Peer 1: 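Please see the structure below; I have some questions.
The chains referred to below are lettered A, B, ... by the order of the sequence lines, with proteins before strands, and numbering in each begins at 1. None of these values were measured; they are calculated from a predicted model.
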Protein chains: 2
Amino acid sequence: MISSTAQDRRHRRRQETIEEVLDVAVAIMAEHGVAGLSIGEIARRLGIRPPSLYVYFPSKHALYDALFERGARSVLAALSPLQEPPPDGLSLEEYLRRSGAAFIRWSVENPAYSQLLFWRPVPGFTPSPAAYAPATQLVERNQACIAALQRRGAVRSDVDAATVHRDWTILVSGVVSQQLANAPSESFEEGRFTRALDSLVAMFVRHYARPAAHGGTDRAHDR
Amino acid sequence: MISSTAQDRRHRRRQETIEEVLDVAVAIMAEHGVAGLSIGEIARRLGIRPPSLYVYFPSKHALYDALFERGARSVLAALSPLQEPPPDGLSLEEYLRRSGAAFIRWSVENPAYSQLLFWRPVPGFTPSPAAYAPATQLVERNQACIAALQRRGAVRSDVDAATVHRDWTILVSGVVSQQLANAPSESFEEGRFTRALDSLVAMFVRHYARPAAHGGTDRAHDR
DNA sequence: GTCTATATGACGATAGAC
DNA sequence: GTCTATCGTCATATAGAC
């Protein structure tokens, strides 16, 4: 049993070191770009020699894989407070505004992760299924929410939920892509593209929401 | 005069070599990603030694700069047939559909260039003003077209043309970003995101077009 | 188990012979 | 203009001290 606690301590210490390595790696990616990450630079900042890093990660690709999984878990956590079954009285507009804002905020505040996750800028690197799993979960959750809103009558019934979801991901990824490529230093609040979200949600809802029953706020294109 | 023609020939020969180098570089970027470009690989494919390339480009960044300018000129050329002042009877919807399709098609058919131009995946590289000029011209042209359509009465007058242009670039870059990141091997015609263009144009026009005068096809949100 | 020391080969880049 | 030789740095890998 003593050996067990010793193992635990060793294991915990190892995990702490791994987290430290990943933290430094994220900082370097944020400064020099995702492809600008180098083993030597990580070791330099940690005050160790490059070969020591191979104790924790068998290769640079394995390091990228851990970063990918960490990033996917992070964005999943950033979106978890408002996901799964959207609260009952929540309108499509409110759901899109909240989930869109949360995702876009995370993306511009974690540019290194979002580039690694959504742009694939590392030549030979493909994430492992394990690292990819949280990312898949994110997409599925979002798609399930839109489908639920459609069953609830908040979304036009003459279009596939998958199509609505696809178009929504295009809008959101367009905002992120434009903001990060053209003005990466602007904050979420003051970003010239992030501020377009409300306008885009209005446009999207106008096109895809089921028109309200109590009058004619909108009537083209449905049915 | 003889020396002049000799110089011309030398100069032409040099330009041909430069174009050859750039062609090979684009092919490598398409295979291994923009950051996967290497001087050694270019030399290998051209059957020369790496140092010989420094006769034509003083550094790898200068090579990227030439590639950036070449890409910007290429996309500008791909869009030039339908630009500047949009033809008189052309509706907003038709203009967006055509210019959007042309840009998206170029982007998915030239993924290496579009990543270099719009994603900035090379750590220390920033394009020179000369290389950047054609890209600026592209944006200005598009913005001018939207402003012209607004003056002509095809676009709502209660919003800034710059806002309309910003939202349009978000849609288009969203399509490109999603298509290249998730399914880069799909063609423009069969792409699961490129095919969303018509639907997105419809959504966009519904929100931003000035409603037709002859009836009530649409009436919400337009002053 | 974790580190230092050291080796290999590829890279971007420069100097200088031809 | 093209080459050889060379430099410093990188990712990667192995050997061996503690």
Peer 1: If only side-chain N and O atoms count, and only distance matters, is there a donor-acceptor pair under 3.5 Å linking B:R70 with B:S74?
Peer 2: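 Their side chains do not contain a donor-acceptor pair, so the 3.5 Å distance test is not met.
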Peer 1: Which residues in residues 37-46 of chain A have a heavy atom closer than 4.0 Å to any atom of DNA chain D?
Peer 2: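 Within this stretch, A:L37, A:S38, A:I39, A:G40, A:R44 sit under 4.0 Å of the strand.
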Peer 1: Could you state the CD1-P distance from A:I48 to C:dA5, rounded to the nearest angstrom?
Peer 2: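 Checked: the CD1 to P distance equals 13 Å.
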Peer 1: How many Å lie between CD on B:E20 and C1' on D:dG1, as a whole number?
Peer 2: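 That distance rounds to 14 Å.
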Peer 1: How many Å lie between CZ on A:R10 and P on C:dT2, as a whole number?
Peer 2: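 Whole-Å distance recorded here is 8 Å.
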Peer 1: Between B:R49 (CZ) and D:dC3 (P), how many Å, whole number?
Peer 2: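 About 6 Å, once rounded to whole Å.
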Peer 1: Pairing donors with acceptors under 3.5 angstrom, does anything connect the side chains of B:N142 and B:S99?
Peer 2: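 Per modelled atom types, B:N142 and B:S99 side chains form no pair under 3.5 Å.
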Peer 1: Under 3.5 Å, is there a donor-acceptor pair between the A:T126 and A:Y64 side chains?
Peer 2: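 No donor-acceptor contact under 3.5 Å links the two side chains.
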Peer 1: What's the spacing between A:F118 CZ and B:Q178 CD if we round to 0.5 Å?
Peer 2: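 Reported value, rounded in 0.5 Å steps: 9.0 Å.
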Peer 1: C:dC11 C1' sits how many Å from B:H32 NE2, rounded?
Peer 2: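 Rounded to whole Å, this separation is 15 Å.
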Peer 1: Could you check whether the rings of A:F125 and A:H61 sit parallel, tilted or perpendicular, using 30° and 60° as the cut-offs?
Peer 2: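 Perpendicular: the ring planes of A:F125 and A:H61 meet at over 60°.
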Peer 1: Using atom CD1 of B:I28 as one end and atom P of C:dC11 as the other, report the distance to the nearest whole Å.
Peer 2: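 In whole Å, C:dC11 P and B:I28 CD1 are 10 Å from each other.
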Peer 1: Nearest 0.5 Å please: distance from the NE2 atom of A:H165 over to the CD atom of A:Q143.
Peer 2: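 Answer rounded to 0.5 Å: 5.0 Å.
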Peer 1: Could you give the NE2-to-P distance, from A:H11 to C:dG1, as a whole number of Å?
Peer 2: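 Answer to the nearest Å: 10 Å.
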Peer 1: Distance alone, cut at 3.5 Å: any donor-acceptor contact between the side chains of B:S114 and B:W106?
Peer 2: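 There is no such pair between these side chains.
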Peer 1: Do A:R13 and A:T17 have side-chain atoms, one donor and one acceptor, less than 3.5 Å apart?
Peer 2: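 Result is yes, a qualifying pair exists.
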Peer 1: Within the pair B:R14 and D:dG1, is there a side-chain N or O less than 4.0 Å away from OP1 or OP2?
Peer 2: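 Indeed, a polar side-chain atom of B:R14 lies that close.
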Peer 1: Please list, by residue number, the residues of residues 50-64 of chain B whose heavy atoms come closer than 4.0 Å to an atom of DNA chain D; answer none if no residue qualifies.
Peer 2: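 Heavy-atom cutoff 4.0 Å gives B:P51, B:S52, B:V55, B:Y56.
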Peer 1: Pick one: which of A:T194, A:I104, A:L171 meets side chain to side chain contact (heavy atoms under 4.5 Å, CB included) with A:V176?
Peer 2: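 When side chain to side chain contact (heavy atoms under 4.5 Å, CB included) is applied between A:V176 and each of A:T194, A:I104, A:L171, only A:I104 qualifies.
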